[in-house]
Amino acid sequence: MVGNGKDRERGVAAALDELRQADVVAFGGVGIAGTVLPVTEAYRRVEAALGDGPENLRGQLERLLDEGTPAGRVYAATLLERVDPAAGRAAWTALRDDPAEFGTFIGCVMGRSTLREYASERLAAA
């Protein structure tokens, strides 16, 4: 059982890499079949790891916020918001002026958004 912790760490690291390269934001299944995308699985893996100690992941989430694709930055801000609502709000505020685009999926509907639009919606909902 010694390897379980290392395996989990490697899995979370791989999930963070997947999020860093994400080109679409999808929090649930997509399409008629409700297919779960690899990026959604990666998000869920990191989200689950937050339950083991969010302090361990906070620095990595902040790096993802700085280094990720626009979609990766959305995932980072969403996860930071779970760790620390004030940090999440600060992340959304920082993204509010960014015009970068990314793909979205909500069920069967594929769309596009900008960080500006997405962040403004998240801040308005808070």
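These values consider heavy atoms only, across backbone and side chains, with no hydrogens, waters or symmetry-generated copies. Small disclaimer: the values here were computed from a predicted structure and weren't measured.
Under a 4.0 Å N-O distance rule, the pair E81/R122 qualifies as a salt bridge. At a threshold of 4.0 Å, the pair D66-R63 does not count as salt-bridged, since none of the basic side-chain nitrogens sits closer than that to a carboxylate oxygen. R73 has a carboxylate O that lies under 4.0 Å from a charged side-chain N of D98, or vice versa, which qualifies the two as a salt bridge. A salt bridge does not link E41 to R45: none of the charged side-chain nitrogens sits closer than 4.0 Å to a carboxylate oxygen.
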For this session: Could you please spell out the steps behind the side chain to side chain contact (heavy atoms under 4.5 Å, CB included) verdict for L61 and L16?
Result: CA-CA 8 Å; L61 294 176; L16 287 164; 4.2 Å; yes
Problem set entry | Derivation and outcome, side chain to side chain contact (heavy atoms under 4.5 Å, CB included), residues C108 and V30 | CA-CA 5 Å; C108 294; V30 302; over 6 Å; no
For this session: Tell me, with the steps shown, if T78 and W92 meet side chain to side chain contact (heavy atoms under 4.5 Å, CB included).
Result: CA-CA 9 Å; T78 302; W92 292 122; 3.5 Å; yes
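Taking every heavy atom of both residues into account, P99 and D97 meet most closely at CD-O, 3.4 Å. Heavy-atom minimum distance, R96 versus R116: O-CG, 3.1 Å. Nearest approach of A22 to A71, heavy atoms of both residues: O-CB, 3.5 Å. Between R82 and L50, the shortest heavy-atom distance links the atoms CB-CD1, 4.3 Å. Contact record, R44 with G28: NH2-CA, 3.8 Å, taken as the closest heavy-atom pair. Residues A87 and R58 share a closest heavy-atom pair of CB-NH2, 3.2 Å.
Here the rule is side-chain contact (heavy atoms from CB on, under 4.5 Å) with V74, and of T69, V24, L115 only L115 fits it.
Residues L95 and L65 have side chains in contact (heavy-atom distance under 4.5 Å, counting atoms from C-beta outward). In this structure the side chain of E101 never reaches within 4.5 angstrom of the side chain of P70, judged on heavy atoms. Proximity of L57 to V83: side-chain heavy atoms (C-beta onward) are nowhere separated by under 4.5 Å. For the pair R8 and D52, the minimum side-chain heavy-atom distance is below 4.5 Å. A heavy-atom distance below 4.5 Å is not found between the side chains of T104 and R112.
Under a 3.5 Å cut-off, the side chain of E117 and the backbone N or O of T114 do form a donor-acceptor pair. With hydrogens and angles disregarded, a donor-acceptor distance shorter than 3.5 Å links the side chain of T40 to the backbone of A26.
Between atom CD of residue Q60 and atom CG of residue L80 there is a gap of 11.5 Å, rounded to the nearest 0.5 Å. Separating the CG atom in L79 from the CG atom in D84 is a distance of 13.0 Å, to the nearest 0.5 Å.
Note on I106: it does not cluster hydrophobically with V25, by side-chain heavy-atom contacts below 4.5 Å among ILVMFWY residues. Under a hydrophobic clustering in which Ile, Leu, Val, Met, Phe, Trp and Tyr are joined whenever their side-chain heavy atoms come within less than 4.5 Å, directly or via other members, F27 and V36 fall into different clusters.
Taking the ring centroids of Y75 and F102, they lie at or beyond the 6.0 Å cut-off.
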